[in-house]
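Reminder, nothing fancy here: chain letters follow the sequence lines and each chain counts from 1. Just so it is clear, the structure is predicted and the values come from calculations on it, not from any experiment.
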2 protein chains.
Amino acid sequence: MARLPGYLRALTALASDGTLSVSSEELASAAGVSSAMLRKDLSHLGSYGVRGVGYDVDRLASEIAAALGLTQDWPVAIVGMGNLGRALAAYRGFAERGFRVIALLDRDERVVGEVIAGTRVRSTADLPDLVERDGLAIGVIATPPEGAQEACDTLVDAGVRSVLNFAPVVLTVPDEVVVRTVDLSTELQILAFHGQRLAVAEAVAP
Amino acid sequence: MARLPGYLRALTALASDGTLSVSSEELASAAGVSSAMLRKDLSHLGSYGVRGVGYDVDRLASEIAAALGLTQDWPVAIVGMGNLGRALAAYRGFAERGFRVIALLDRDERVVGEVIAGTRVRSTADLPDLVERDGLAIGVIATPPEGAQEACDTLVDAGVRSVLNFAPVVLTVPDEVVVRTVDLSTELQILAFHGQRLAVAEAVAP
DNA sequence: GTCACTTTGTGCCTGTCTTCACAAAGTCGT
DNA sequence: ACGACTTTGTGAAGACAGGCACAAAGTGAC
């Protein structure tokens, strides 16, 4: 379920505040959902709550982490060392939450060998090796739109079956591969849409 | 509708290929949706298709752009000049799609004045001015999680009503303000979840 | 002018996701 | 040990999005 990471985040925050137990109501509001939804989601994981009391923060956090598969670590490779790729390579947010960036890759031999954020850029030809030897499981595509499908194919051929795509294109992949696309321009366009609706509403009833 | 930006992207690609007319089937597959859904979505905008022929690419692109409010420009400010903020400041993707980054802001006076990607960092205290004088409408939050709510409040108080949030927190805002949150770790956790499901499925039926 | 063909727009149905509301279950004070 | 209170877990109802399938509408050939 796509909301579990949100719950885990809220639980981690509570745990670091020293809270031991939390009700569905409190946790739901911290995660920005309704309490009924939270309870239903959690009930799918099993019954980890105690009626009349609530949920044990640490216990629930472990259960969710286990459900998400966060007990093992998931090596990540970033493909495409343009602007966005370099930014992602320098971003510490991945490591902070347990995702180890084990390789920076680029197709262009002129970029290969360059050192970015302390890591030497390698060739995309090394991908099969990374999957085989280092257990690489997640690929991040930060190439320009033109190169995204090719980068994706290379990842998939090497055995990667989870892809996080930042390029503004629709990627075609086999059924067993999961792609999640994050497109910053799309997000801004949706915000522009709301901005315009607001402006129109204001013009009608100022 | 959240799919309009995807349609617009596909149409722009078609237009640059010189295509003049497109059927719902073709456009749907380019945008990665079903043709029935595409037609239903477009029918909400009005009847811009011709039965037996399809849609005029340029015409439809203009209509969608107008619906999204992309006929005017939407000035953007980025708040928080940490790792992620600097990366976003250097990212050209915004400008390429018509969103002008007019200001880089930080709360910390030691960062103010620094020049990043050719722009001088200003203080968040300048926000009311930016809204008033430059028509700032969209704020991007790239602060650490602890500072995100404060940054958001500052934006809202200054009159910004569309916020793109990269911090992994749930922001509380008045009803008229729209927040879209993009959390890279959440995306990776969802991928980890799928990765684990795949591994489990394989263990059961190898 | 008519007919065969293509493709849109849309009413209906189906499955999923959300919310409501309450019974079951456990705690704490006396 | 009992009873009042709190909070979970869940069945049933409701809302909503997506897909199917077909009638309406337009094109182009003859």
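Along DNA chain C, the stretch of nucleotides lying under 4.0 Å from any heavy atom of chain A spans, 5' to 3', dT18(C) to dT27(C).
Contacts of residues 33-44 of chain B with DNA chain D (heavy atom under 4.0 Å): Ser34(B), Ala36(B), Met37(B), Arg39(B), Lys40(B). A heavy atom lying under 4.0 Å from DNA chain C marks none of the residues of residues 2-22 of chain B. Only Arg51(A), Val53(A), listed by number, bring a heavy atom of residues 51-61 of chain A to less than 4.0 angstrom from any atom of DNA chain C.
Scanning for ring-ring contact (aromatic ring centres under 6.0 Å, His included) contacts around Tyr91(A) gives Phe94(A), with sequence neighbours left out. With sequence neighbours left out, Leu20(A) forms a side chain to side chain contact (heavy atoms under 4.5 Å, CB included) with no residue at all. Asp153(B) meets the side chain to side chain contact (heavy atoms under 4.5 Å, CB included) test with Gln149(B); sequence neighbours excluded. Shown here are the side chain to side chain contact (heavy atoms under 4.5 Å, CB included) partners of Asp108(A), two or more places apart in sequence or in another chain: Asp106(A), Arg110(A), Val111(A). Residues meeting the side-chain hydrogen bond (donor to acceptor under 3.5 Å, both in side chains) test with Glu25(A), sequence neighbours left out: none. With sequence neighbours excluded, the residues satisfying side chain to side chain contact (heavy atoms under 4.5 Å, CB included) with Met1(B) are Arg3(B), Leu4(B), Asp41(B). Taking Thr181(B) as the reference, Asn165(B) meet the side-chain hydrogen bond (donor to acceptor under 3.5 Å, both in side chains) condition, with sequence neighbours excluded.
More than 12 non-hydrogen atoms from other residues, nucleotides or ligands lie less than 6.0 angstrom from CD of Glu176(B).
Closest-nucleotide positions on DNA chain C for Val50(A) and Met1(A) were compared, and the one nearer the 5' end corresponds to Met1(A).
Considering every non-hydrogen atom in both Ile190(A) and Pro5(B), the closest pair reads CG1-CG, 4.1 Å.
Thr119(B) is not listed as a side-chain neighbour of Val101(B), based on a closest heavy-atom distance of 4.5 Å or more. Looking at Leu184(A) and Leu88(B), their side chains come closer than 4.5 Å, going by heavy atoms from C-beta outward.
Within the structure, no pair that satisfies the ring-ring contact (aromatic ring centres under 6.0 Å, His included) test touches residues 15-60 of chain A, not counting sequence neighbours.
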